[in-house]
Amino acid sequence: MMKSPRLPLYMTMATFVLAYMLCIWEFPSMFSSRVVANLLTDNAFLGITAVGMTFVILTGGIDLSVGSVIAFTGVFLAVILRDTSIHPLVAFGMVLAITIAFGAAEGAIVHYLEMPAFIVTLAGMFLMRGLAYVLSTDSVPITHEFYDVLQSIYWKAPGGGRFRLIGGVMLLVFIGAMIVLHRTKFGKNVYALGGGVQTAQLMGVPIARTTILIYATSGGLAGLAGIVYSLYTSAGYSLSTVGVELDAIAAVVIGGTLLSGGTGFVAGTFFGILIMGLIQTYIVFDGTLSSWWTKIVIGVLLFTFIMLQKVLAWATTARRKPATEFAMRS
Amino acid sequence: MMGGTLRRIAPQLIILGVVILLNFIVFPGFFSIEFQNGRLFGNIIDVLNRGAPVALLATGMTLVIATKGIDLSVGAVMAIAGAVAASVVTAGGGWFLALLAALAAGLACGSWNGILVAVFRVQPIVATLVLMVAGRGIGQLITEGKIMTFNDPGLIHLGAGTILGLPTPVYIWVIMGGLITYVVRRTALGMLIESIGINETSSRLAGINSRVLLVAVYLVTGFCAALAGVVVAADIKGADANNAGLWMELDAILAVVIGGNSLLGGRFSIIASLLGALIIQSVNSVILLSGMPPEFNLVIKALLIIVILFIQSPAVQHAIYLFRASTPPHAPNENGAKNNQTAKESLS
Amino acid sequence: AGKTVGFSQIGSESGWRAAETTVTKQQAEERGVTLKFADAQQKQENQIKALRGFIAQGVDAIFLAPVVATGWDSVLEEAQDAEIPVILLDRKVDADPSLYMTAVTSDTVYEGEVAGNWLKDKMAGKDCRIVELQGTTGSSPAIDRKKGFEKAIADASNLEIVRSQTGDFTRAQGKVVMESFLKAEGAENICALYAHNDDMAVGAIQAIKEAGAKPGEDILVVAIDAVPDMHLAIANGEANATVELTPNMAGPAFDILDAYWKDGTMPEKWVQTESKLYTQDDDNNAIYEMKKSLGY
Amino acid sequence: MSTTPEPVLQATGVSKFFPGAIALDDVSLSLYPGEVHALLGENGAGKSTLIKCLTGAYKRDAGTILLDGKEIDPRDPQGSLALGIGTVYQEVNLLSNMTVAENLFLGWQPMRHGMINNREMVKRSKEVLSGFGLDIDPSQLLSSYSIAIQQVVAIARAVELAGKVLILDEPTASLDREEIDLLFSVVRKLTERGLAVVFITHFLDQVFEISDRATILRNGRIVGTRELANATQTEIVTMMLGRQLEEAKKERGKAVIGETILELKNYGRRGTIEPFDMILHKGEVIGLAGLLGSGRSETAGVIFGSTPADQGTATLNGEAIKIDSPRSSIHLGFGLCPEDRKTDGIVGDLSVRENIILSLQARRGWTRPISRAKAEKIAEDYVKKLDIRLASLDMPIRLLSGGNQQKALLARWLATEPDILILDEPTRGIDVGAHAEIIELIQTLREQGMALIVASSELEELITYSSRIVVLRDRRQVKELQGDEISIGAIVRSIAEEGGAQL
Ligand SMILES: Nc1ncnc2c1ncn2[C@@H]1O[C@H](COP(=O)(O)OP(=O)(O)OP(=O)(O)O)[C@@H](O)[C@H]1O
Ligand SMILES: Nc1ncnc2c1ncn2[C@@H]1O[C@H](COP(=O)(O)OP(=O)(O)OP(=O)(O)O)[C@@H](O)[C@H]1O
Ligand SMILES: [Mg+2]
Ligand SMILES: [Mg+2]
């Protein structure tokens with residue numbers, strides 16, 4: 001029998017499979033290695049961001065700064081690689097250090113100043129985007145040969161799909177996150193925080209350390225996403241990835257994680273990302289939607305997924321027998 | 001009662017004062033007000049006038065946030081309402097009809113959100129995300145992606161007109177904010193809303209109809225957003241569904257938080273949120289008047305907000321409290337209430 | 001006949017952009033081409049996704065109105081691999097020219113120059129304090145149009161930009177920012193407004209009127225795009241000049257495709273559209289009527 | 001007993017101030033290895049505050065704490081846990097979003113190759129819990145178990161973590177006799193190993209049963225510490241209350257039972273409670289008895305409509321009614337004071353005053369607000385009547401002590417002046433003095449013609465006021481006792497009877 005905590009996860013997976021089959025039924029050419037490869041490549045940076053977002057949301061927080069952090073990372077890398085002769089790997093290290101520190105600072109403010117995460121990270125969002133502007137308003141191309149090397153790593157599948165390095169990075173991040181969340185003390189502390197900060201504290205969870213680590217993780221993963229994005233576009237641009245935080249949140253929530261914290265799975269987020277990617281692919285394949293219908297249809301599809309999940313979950317729990325297995329022995 | 005309100009909004013008043021002082025420093029003519037062309041003319045008037053959309057949004061948003069919810073769709077609802085108003089007047093309907101139609105559209109949007117949240121139990125942020133994405137599309141559908149320009153003087157008056165020299169939007173937000181505050185505080189609504197925001201289960205078991213209240217709260221927000229949408233459209237004599245209210249939901253939420261309201265629901269003060277809206281507008285004013293290149297806009301805004309929130313944060317407020325009242329030594333500090341969230345759980 | 005073209009549009013952030021979409025769809029229909037339209041909502045990642053989607057579908061050609069100049073190399077390579085020609089509309093990209101067939105764009109720096117030159121001629125040596133409404137910070141038209149204008153007035157010491165702030169390309173922000181300019185400088189101390197697009201100019205005109213000054217006389221107004229409402233403002237004497245950015249980029253692009261499909265003719269790498277200056281000397285009412293139906 | 005001269009834990013001069021209240025004033029406490037030390041006092045005396053200061057959950061304002069003679073300064077519960085102080089706080093403080101096993105092992109999970117060994121964790125959880133007589137699936141979510149089971153899990157966790165000191169704050173409040181016996185046997189084993197146990201409760205019988213010494217607090221001050229071997233209950237109670245407790249226990253009323261008010265036929269809810277029949281008269285009290293999880297709370301919920309019945313009929317004063325929500329039943333004159341006051345009862349951030357008038361206000365509707373003066377008066381009335389200890393009516397209710405919160409909730413329902421009042425564990429966490437008062441209150445209400453349904457694990461209390469007792473097992477009514485049939489023995493027997501006489 002299904003265990004209830006995993007139910008939303010299964011629902012998301014079922015929804016994705018169902019939706020993909022419907023898409024193929026309408027556009028047979030959607031069943032191709034290209035589409036699958038594109039789903040992974042195009043959503044790599046979003047997926048990595050969403051992993052960090054899952055961590056934050058599991059603790060009952062939120063991180064609105066990720067989109068700006070990605071943009072900042074891109075611009076920073078582009079400017080550094082343009083103006084200095086630093087090797088990209090070193091630059092990656094630098095930018096990760098900056099974004100992790102930035103995230104940790106947000107976490108520290110959330111914890112020590114007792115300010116709501118929504119607002120702290122909103123200010124962080126303005127700040128990082130602003131810093132990106134200050135570095136460069138122009139979009140700056142990246143022309144380092146090391147980038148070419150990284151970009152030329154891909155596996156061309158039969159059917160023309162290119163499975164690129166960045167898709168692989170995303171998968172690794174997901175797997176790593178799963179291990180951390182489910183098999184480490186830190187992971188359990190994340191869930192504990194989401195179940196109630198006060199309670200977690202009384203149970204001996206190190207609140208300060210966990211909160212700071214969580215936002216540092218989110219910041220760092222946004223930094224990694226920024227690196228991936230810069231590989232994806234070979235450029236840094238201060239106006240890029242506006243609103244990505246909302247996409248990430250939507251993916252996390254579609255993946256079955258509760259915004260109130262404490263319940264959810266990284267794997268769900270993965271399918272949430274795929275579902276969002278599928279919606280966009282579908283719209284491109286359709287190709288008849290005007291600008292405004294595009295928005296309306298995305299909204300409607302989002303709504304449909306949420307409702308489908310609710311209905312599936314409701315139908316499954318209604319059929320479930322009440323849990324009578326347990327009883328007191330006397 | 002009066003004293004309590006004053007104490008509640010004191011931090012906001014002080015911050016507003018400081019930001020306005022900052023305005024005065026970057027632009028010494030900030031306080032000058034002239035009467036020309038039948039209207040009062042000055043930066044202070046601008047702050048009051050330009051603060052209207054965010055103030056209107058913040059009024060409704062305060063209530064939604066008090067119920068532990070959030071409404072991301074207000075910007076999109078503004079776009080819809082502006083588009084509806086514009087299309088009614090361009091189709092020959094009078095300004096009043098246009099206003100009614102826009103408000104009806106706002107109420108429709110609000111009830112959609114409310115039903116999703118209250119009946120289908122979708123998390124507010126996601127429920128309203130749907131309309132945030134789709135709503136702007138609906139607005140553009142109505143205007144077909146153009147800026148729908150109109151010339152109806154009645155409608156334009158709502159955004160760009162003046163009454164007794166003061167811009168009309170100032171009246172609109174002051175009256176709206178006052179009215180809702182009055183209704184909420186003179187009836188039991190305020191307490192009931194706070195109650196469901198703090199503990200919905202308990203409230204339901206105590207006999208409160210949380211469903212109806214939730215829907216009502218989203219209705220009010222939709223209404224306020226529609227009003228804001230009409231004001232914004234009337235101001236530029238055109239419905240710009242692409243840009244009207246874009247990202248303004250964030251400013252509205254910010255205003256509510258600067259107003260000292262907890263995003264975790266419960267106790268709220270609309271007046272404080274309105275002050276929050278004025279603070280945000282004053283910050284924008286500093287940025288515009290400072291003459292700095294626009295690249296720095298966001299950095300300045302972020303830094304000012306961080307400073308404001310820092311001053312307001314419970315930890316710093318507490319330190320100030322301790323500093324002023326040095327007896328008893330460590331008075332109300334408890335390790336337990338580290339996070340805002342923690343305050344929600346009982347400690348006994 | 002029976003060709004399919006994918007069109008990745010930036011979004012629908014302005015009336016001009018809506019018109020470009022409308023015109024492109026009209027052109028496709030006239031020529032019997034199936035147009036697959038994808039709106040990217042101002043996001044490059046969505047445009048890349050759209051391009052990859054088009055490639056996966058195997059369209060015959062791709063139109064791309066890129067949101068930003070950089071970052072297209074790898075997806076353009078994939079298109080080239082799949083032997084799908086790509087034509088850039090309205091803005092250029094930073095990639096190797098061999099990766100796309102051609103670019104049908106205006107010269108955005110030049111647009112700014114046209115506007116600047118008009119003002120320079122108009123002032124003819126008289127002192128003039130200019131306020132500038134910039135486009136969205138960081139967007140390439142904003143950067144280019146600023147650059148072009150500054151280049152044009154660089155040698156005119158009588159012209160000086162005294163305030164410059166972003167109006168986000170929108171009418172509402174245009175009005176708000178102009179209001180603050182008017183307060184900070186005083187209406188009588190501003191001689192001209194240069195706006196990076198017409199929408200902002202139209203908003204600013206209202207602010208000028210509300211401040212009790214006469215736009216077009218007390219404060220000269222020059223902007224770029226030539227959208228219908230701006231023609232109307234010029235006709236009413238409330239604005240002075242605008243530089244046209246035609247929304248019909250698709251027409252030339254389809255012509256190029258037709259030629260290519262017929263006998264393999266390769267076009268020039270850059271097809272520049274005209275940046276025509278409209279002033280109060282033109283019959284702006286007539287132009288307004290003509291443009292009104294174009295979906296601006 | 002203080003066999004070793006060195007105390008394992010010694011707190012001296014502990015003080016704690018809250019705005020408007022001095023919760024602890026110069027309190028000292030010594031714990032010796034191998035002793036069970038009871039901490040006694042009225043509701044709001046400062047017991048919970050004291051242990052929170054000991055574990056670092058609160059920052060104390062003054063005082064020193066020595067553990068094994070060395071000064072310690074636990075800044076947070078994490079610190080005290082690391083020092084070997086295991087604690088069960090008053091309300092169940094576990095994480096309902098995690099499984100039972102995860103709750104048990106949070107922070108000290110069994111590791112293998114640097115990763116949590118989930119299988120081992122579940123296995124060991126089973127072992128630990130079976131030591132407490134609990135045979136449940138530890139890989140299920142904690143929230144799928146009743147509050148009592150959660151309480152046992154919390155105790156088990158604290159016991160496992162207690163290396164030197166175990167602190168139990170009202171651990172038995174929602175437990176039945178069996179579980180209490182098991183708990184006591186575990187406690188005895190621990191003391192044999194040399195642990196010191198702090199035990200807070202309002203059940204004096206249990207205090208005398210298990211404790212060696214007792215420290216009594218009143219209004220945040222130490223009244224004294226007594227060896228229990230040579231102390232009497234009366235003596236202790238007098239120390240707690242600062243006065244003698246009048247023995248005002250009334251005879252179980254043969255009071256006039258009025259006409260039928262509520263009649264339920266074949267009433268039930270699938271998966272929650274088997275269909276049952278019930279007739280309730282004005283002026284009578286029906287007691288619901290049963291073991292943990294037998295369905296007492298469920299019965300209450302179904303009648304009140306918080307988990308509406310999906311079968312059967314209800315008749316109120318002869319008229320057919322449909323109860324589908326608490327709202328509808330409140331309008332019909334019902335009231336339910338819930339068992340889990342933290343999640344179902346209090347609205348933490350609202351003031352005590354608002355909490356008391358909440359239901360009344362909900363019934364009047366939002367258009368007819370209760371004026372502040374009137375609210376003040378109602379609240380003051382009940383504060384006096386129920387002896388609720390508070391600094392001010394305007395303080396958020398979450399700052400009240402547990403027992404006082406419970407009283408405020410009772411006040412909420414009394415204020416609606418219901419015809420039918422359902423009380424689920426009404427005396428949970430209530431002190432000796434108030435306990436007697438509440439029993440008396442139930443009697444009075446009944447005499448005034450109110451009909452009551454009371455669910456309680458305290459059989460002794462139940463039989464003093466019930467005119468009928470319904471016994472439940474496995475979420476089914478198995479027996480109804482009336483009049484002279486009512487005795488603790490009879491109840492216990494029908495609970496135990498396998499497949500006993502059907503109702
Ligand atoms: N955070 C707080 N702020 C203000 N007052 C508080 C706070 N916490 C507790 N109090 C007050 O301190 C006093 C002692 O409370 P405490 O919870 O220690 O009582 P208790 O002895 O455990 O009572 P009970 O038997 O009801 O659990 C009470 O009057 C309570 O109202
Ligand atoms: N949501 C639920 N799903 C499945 N089982 C539940 C649920 N809620 C409660 N139960 C189970 O139903 C049984 C009845 O619980 P309940 O707490 O109502 O009993 P009770 O007789 O009131 O006992 P007590 O109040 O002393 O714990 C318990 O075994 C409990 O674990
Ligand atoms: Mg207590
Ligand atoms: Mg119960």
Assert top hit (heavy-atom pairs under 4.5 Å, partner chain B, pool Ala362(D), Pro369(D), Pro326(D), Pro77(D)) equals Pro369(D)
| message | Does any part of the side chain of Thr343(D), heavy atoms only, come nearer than 4.5 Å to the side chain of Thr201(B), both counted from C-beta? | response | no
Subject >> Minimum side-chain heavy-atom gap Thr367(D)-Thr187(B) below 4.5 Å >> reply: no
The interface call for Ser351(D) against chain B, heavy-atom contacts under 4.5 Å, is both
**Prompt:** Got Ile357(D) and Met191(B) here, is their nearest side-chain heavy-atom distance under 4.5 Å?
**Reply:** yes
The reported gap from OG in Ser325(D) to CZ in Arg204(B) (rounded to nearest 0.5 angstrom) is 8.5 Å
* **Asn199(B) (side chain) donor-acceptor with Ile346(D) (main chain) under 3.5 angstrom** => yes
Interface check, chain D: of Ser195(B), Ser202(B), Ser203(B), most non-hydrogen pairs under 4.5 Å belong to Ser202(B)
*May I ask you to check whether over 12 heavy atoms, not counting those of Arg121(B), lie within 6.0 Å of atom CZ?*
yes
When rounded to the nearest 0.5 Å, the distance separating CZ of Phe304(D) from CG of Leu205(B) is 6.5 Å
The reported gap from CG in Asp349(D) to CD1 in Ile198(B) (rounded to nearest 0.5 angstrom) is 4.5 Å
### Any donor-acceptor N/O pair, Ser359(D) side chain to Ala206(B) backbone, under 3.5 Å
yes
Checklist entry - So do the side chains of Ile208(B) and Gln361(D) get within less than 4.5 Å of each other, counting heavy atoms only? => result no
Okay, Leu350(D) and chain B: the region with an atom under 4.5 Å from a heavy atom over there is both
Turns out that what part of Arg364(D) lies under 4.5 Å from chain B's heavy atoms comes down to neither
Cut-off 4.5 Å, heavy atoms of chain D, and the answer for Leu192(B) is side chain
